[in-house]
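Everything below concerns the one structure shown next.
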Amino acid sequence: QEQLGESGGGSVQPGGSLRLSCAASGVSNQFHCMGWFRRAPGKEREGIASIDTDWRTTYADSVKGRFTISKDVWKNTVYLQMNLLKPEDTAKYYCALSYLRWECGEGYRNVGRFARSGQGTQVTVSS
């Protein structure tokens, strides 16, 4: 049974940075992808980044050039480095996991619909 645990959220001023972590346990060594999605109050889930076992990364236009997804396979942890944060980045951020190649093939677009996700960590960007 996979478990995903996010951490690293907090409050930051516009232009600031945060690094989110997603500690994963019970993940199979077969092909899979992991990613991050966010949900702001009153808005739909937004997939923003993904990375797969082939190290392919994808990003939503809203975060491209500011956010970087990475992973440490030895620590079973996926990271989201967030720079140049904007107030519109305020949301609860979740990591998610999929073993389905077709689902992973869509990159960040499907991350919000992955069946396995964590409890989330809140990010607030305000002055």
Side-chain angles (χ1 to χ4, degrees):
Q1 184 74 22
E2 299 89 356
Q3 288 191 324
L4 306 175
E6 301 91 339
S7 62
S11 294
V12 65
Q13 293 187 338
S17 298
L18 283 173
R19 188 176 80 156
L20 306 183
S21 299
C22 173
S25 61
V27 178
S28 169
N29 288 329
Q30 66 181 289
F31 175 86
H32 62 271
C33 63
M34 294 186 68
W36 292 89
F37 68 91
R38 63 189 181 187
R39 187 163 191 176
K43 293 189 176 182
E44 298 285 327
R45 293 182 176 193
E46 179 190 14
I48 56 174
S50 70
I51 186 167
D52 65 23
T53 47
D54 295 330
W55 296 87
R56 172 179 169 256
T57 58
T58 69
Y59 298 93
D61 288 344
S62 58
V63 305
K64 194 175 294 182
R66 300 188 297 123
F67 292 9
T68 303
I69 189 170
S70 62
K71 61 179 178 176
D72 184 327
V73 295
W74 300 109
K75 295 182 178 178
N76 292 320
T77 300
V78 174
Y79 303 99
L80 186 69
Q81 177 66 43
M82 306 187 296
N83 298 329
L84 299 175
L85 283 161
K86 305 175 182 180
E88 51 263 46
D89 294 319
T90 295
K92 195 165 188 180
Y93 284 70
Y94 302 82
C95 67
L97 162 73
S98 174
Y99 292 110
L100 302 174
R101 280 190 178 270
W102 70 265
E103 201 168 52
C104 293
E106 294 294 318
Y108 69 88
R109 294 172 183 83
N110 269 341
V111 175
R113 291 187 286 272
F114 288 179
R116 300 165 178 86
S117 62
Q119 296 300 307
T121 185
Q122 179 66 37
V123 172
T124 302
V125 185
S126 71
S127 54

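All values reported here derive from a predicted model rather than from experimental measurement.
You'll find the side chain of His32 stays beyond 4.5 Å of the side chain of Cys104, heavy atoms only. With contacts defined as side-chain heavy-atom distances shorter than 4.5 Å, the pair Arg113/Phe37 does not qualify. Using a 4.5 Å heavy-atom cutoff, the side chains of Val78 and Cys95 are not in contact. The closest side-chain heavy-atom distance from Ser11 to Ser126 is not below 4.5 Å. Within the 4.5 Å cutoff, no side-chain heavy atoms of Val63 are placed close to those of Leu80. Between Leu4 and Leu97, the closest side-chain pair of non-hydrogen atoms falls below 4.5 Å. Residues Asp89 and Met82 have side chains not in contact (no heavy-atom distance under 4.5 Å, counting atoms from C-beta outward). Using a 4.5 Å heavy-atom threshold, the side chains of Trp102 and Asn110 count as touching.
Of the possible donor and acceptor atoms, one in the side chain of Arg45 sits under 3.5 Å from a partner among the backbone N and O of Gly112. A donor-acceptor distance shorter than 3.5 angstrom exists from the side chain of Lys71 to the backbone of Asp52, with no hydrogens or angles considered.
Using a 4.5 Å cut-off between side-chain heavy atoms of Ile, Leu, Val, Met, Phe, Trp and Tyr, with links allowed through other members, Leu85 and Ile69 fall into the same hydrophobic cluster. Under a hydrophobic clustering in which Ile, Leu, Val, Met, Phe, Trp and Tyr are joined whenever their side-chain heavy atoms come within less than 4.5 Å, directly or via other members, Val27 and Trp36 fall into the same cluster. Val123 and Tyr79 are members of different hydrophobic clusters when ILVMFWY side chains are connected at heavy-atom separations under 4.5 Å.
The local environment of CD in Glu44 is sparse, with at most 12 non-hydrogen atoms from other residues, nucleotides or ligands closer than 6.0 Å. Annotation for Gln3: atom CD does not count as buried by contact number, only 12 or fewer foreign heavy atoms lying within 6.0 Å. Open room surrounds CG on Asn29; 12 or fewer heavy atoms of other groups in view lie less than 6.0 Å from it. Heavy-atom neighbours of Gln119 CD from other residues, nucleotides or ligands within 6.0 Å: at or below the threshold of 12.
Sorted by first and then second residue, the pairs that involve residues 2-13 and meet salt bridge (charged side-chain N to carboxylate O under 4.0 Å, His left out), not counting sequence neighbours, are Glu2-Arg116.
Summarising the geometry, atom OH belonging to Tyr99 is positioned 12.0 Å from atom CZ belonging to Phe114; distances are rounded to the nearest 0.5 Å. Of the inter-residue distances, the one linking Ser7 atom OG with Leu20 atom CG reads 8.0 Å to the nearest 0.5 angstrom.
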Under the side-chain contact (heavy atoms from CB on, under 4.5 Å) criterion, do Tyr59 and Thr68 qualify, and how do the steps go?
-> CA-CA 8 Å; Tyr59 298 93; Thr68 303; 3.7 Å; yes
Stepwise side-chain contact (heavy atoms from CB on, under 4.5 Å) check, Glu106 with Ser98 = CA-CA 11 Å; Glu106 294 294 318; Ser98 174; over 6 Å; no
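Ring geometry for Phe67 versus Tyr93: interplanar angle of 30 to 60°, hence tilted.
The shortest heavy-atom contact between Arg56 and Gly105 is NH2-O, 3.5 Å. Between Asp72 and Trp74, the shortest heavy-atom contact is OD1-N, 3.0 Å. Minimum heavy-atom separation, Arg38 to Ala91: CB-CB, 3.8 Å. The heavy-atom pair separating Thr77 from Ser21 by the smallest distance is CG2-CB, 4.2 Å. Ala96 approaches Val111 most closely through the heavy-atom pair CB-O, 3.8 Å.
Taking the ring centre of Phe31 as origin, the terminal cationic atom of Arg101 falls inside the region bounded by 6.0 Å and 45° from the ring axis.
Ion pairing between a basic and an acidic side chain is recognised when a charged N comes within 4.0 Å of a carboxylate O; Asp61 and Lys64 show such pairing.
Residues Ser50 and Thr58 have side chains that bring a donor and an acceptor to within less than 3.5 angstrom of each other.
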